[in-house]
Protein chains: 2
Amino acid sequence: MSSGSPAAEHVLAVLDFLSHGKGPVPAATISRTLGIPRSTTYQLLEALSARGFATHFPDDRTWGLGVRAFEIGSGYAKQQPLVLMSAQLLRQLAHDLQVGTHLAVLHGLDVIYLVEERSTHGPWLVSEVGVRLPAHLTATGRAILAHLPKNQMRALYPHGSTLLPVRQNRGPKSVRDLRDLLQQTRQRGWSIENEEITPGFFSVATVIRDYTGWPAAAIALTGDKEKVENDIPGLAQRLMQVATTIETRLGGTGGI
Amino acid sequence: MSSGSPAAEHVLAVLDFLSHGKGPVPAATISRTLGIPRSTTYQLLEALSARGFATHFPDDRTWGLGVRAFEIGSGYAKQQPLVLMSAQLLRQLAHDLQVGTHLAVLHGLDVIYLVEERSTHGPWLVSEVGVRLPAHLTATGRAILAHLPKNQMRALYPHGSTLLPVRQNRGPKSVRDLRDLLQQTRQRGWSIENEEITPGFFSVATVIRDYTGWPAAAIALTGDKEKVENDIPGLAQRLMQVATTIETRLGGTGGI
DNA sequence: AGAATATGTCCGGTATATCAGACAGGAAGT
DNA sequence: ACTTCCTGTCTGATATACCGGACATATTCT
């Protein structure tokens, strides 16, 4: 659906494109990839760089993201009480249990990680902030999907027989498999992800509901498989305690 | 200077505006504040929300930032080798010394914090990521300004007698005062900020140069004044070691 | 050294996007 | 219940922005 302002759409497309790449690119690459005429592309880059959203590198004759993009992202995080509140509690939990912890929200069929707290000396995790992964393959995604209303689930995954993309050749292969998995998640009150994203790692997650009861986010802890499997219910319990604390502070219903 | 694409400028203005607020606002507020006609404002909001940069809250009849704004910010951080590399080292330093650490870059007359690592149980610091503060009042800003070429300094602060904004009624009051302060910073190799931003806190910072020798960023540690003042040279030494490690890994000149 | 290619800027014709205003519906105030 | 105000959508006239192409300069290739 067109907004009726193609220049606005194009400039956002350029911003999007610059943020997904590995770094600065020539203007011709932007023009060609996005199908925007050359002179128009320069106008859009001028608008972006005037506000610091893009930066020109004359030496390399390339254009890259500007630091204002970073400020926009931080502005978003700052406006989310959920993010601010969770970060502190998740850092404490990461330290106490010596695991990684994170918070993610659903966006389409993906989750996006908004908070990530590693334990000191902890390994790099794929759930770095800003990363997006298929919801059905992640513990956080499953925790959220499990508590979506049926109509929402149907809108996201219309046909039971539809095959789902997998990684490490693990994970639910069809929407029907996913539904079964989510049924188990609802019964337990927490979800797991067993080496379906990264070999050797195991995650436990639980949902965070907002004040309307909507599954707004999920928090998870991730650790070495051998260590986490020793006490999954215990870890899940700690996680749900943190989730309840977050919901209470946010004025959530806590699962009503 | 106009880019020749007012719609592009306006949509970026809306994005900027949404990111600086405390949260979602009515469309009329956006229209009035930015001086954009109502129907045009709805078109721009449609373009923003189509890509997830803005979110509509029908219940409150307001518009707020979307999670894609967060992704853009993370995209920026991910593309900066300096950010990725520094975060790990600063986290280690924060843990070892039980202080807060951070990294900032210069943007105009301000610094923007790109990395912040607190010690476990450490207090909330004003240098949260995304925050911007006047460069002349911060340890990181002073560390960067001290190593800018003379013409750059003159461009930023043209007249020696110009008064500078202060906080806590401390800090250099004129550009001339600032120059003296920066001279001391150059001589020592590190800068300090003594309760000029937050009462009770003391910061030490040192510059990070890129491969051309340009002062690209600065790293700092911040702690309780009484604790830090015990061993400023020792802490500064540790900080400069970290800075050298970062520069070496980035292929910097290390202060040539 | 010369040719080819790419970048960045500029210009003007024409297709079209902007925007004032109308309208419908919802929320707030009386 | 009624009135007022606000939000969100829609329409069409006209001012203007988009974009093809030209040009200058820089970089890369032969």
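No hydrogens, no waters, no symmetry mates; every other heavy atom, side chains included, goes into these values. Reminder, nothing fancy here: chain letters follow the sequence lines and each chain counts from 1.
One can place NE2 of B:H10 at 12 Å from C1' of C:dC19, the figure rounded to the nearest angstrom. Between the CG atom of A:L44 and the P atom of C:dG8 there is a distance of 14 Å, rounded to whole Å. The distance between atom CD of A:E46 and atom C1' of C:dT7, rounded to the nearest whole Å, is 15 Å. Atom CG of A:D60 is separated from atom C1' of C:dG8 by 16 Å (rounded to the nearest Å). A:I30 places its CD1 atom 14 Å from the C1' atom of C:dA6, with the value rounded to the nearest Å. Remark: C1' of C:dT7 and CZ of A:F57 are 16 Å apart, rounded to the nearest angstrom.
For B:R61, whose side chain is taken as the heavy atoms from C-beta onward, the closest listed nucleotide among C:dA27, D:dA17, C:dC19 is C:dA27. Proximity note for B:A28 (side chain, C-beta onward) versus D:dT7, C:dC19, D:dG8: the nearest is D:dT7. The side chain of A:P26 lies closest to C:dT7, out of C:dT7, C:dC19, C:dT18.
Between B:Q43 and C:dC19 there is no side-chain polar atom (N or O) within less than 4.0 angstrom of OP1 or OP2. Taking side-chain N and O atoms only, B:Y42 has a distance below 4.0 Å to OP1 or OP2 of D:dG8. Under 4.0 angstrom from either OP1 or OP2 of D:dT7 there lies no side-chain N or O belonging to B:H56. Remark: A:W63 is not in phosphate contact with C:dT7, judged by side-chain N or O atoms under 4.0 Å from OP1 or OP2.
Ring pair A:H136/A:Y157 is perpendicular by interplanar angle, where above 60° counts as perpendicular and below 30° as parallel. Under the 30°/60° scheme for interplanar angles, the aromatic rings of B:W63 and B:Y42 are found to stand perpendicular.
The 5' end of DNA chain D is approached more closely, in terms of each residue's nearest nucleotide, by A:T40 than by the other of A:D59 and A:T40. Comparing A:A27 and A:S5, the nucleotide of DNA chain C nearest to each residue sits closer to the 5' end for A:A27.
Panel note: side chain B:Q79, backbone A:G21; a donor-acceptor pair is recorded below 3.5 Å.
A 6.0 Å sphere centred on CZ of B:R51 holds more than 12 heavy atoms belonging to other residues, nucleotides or ligands.
A donor and an acceptor atom sit less than 3.5 Å apart, one in the side chain of B:S39 and one in the base of C:dA20. Counting atom types as modelled, A:R38 pairs a side-chain N or O with a base atom of C:dG8 as donor and acceptor under 3.5 Å.
A:D110 meets the salt bridge (Lys or Arg N to Asp or Glu O under 4.0 Å) test with A:R132; sequence neighbours excluded.
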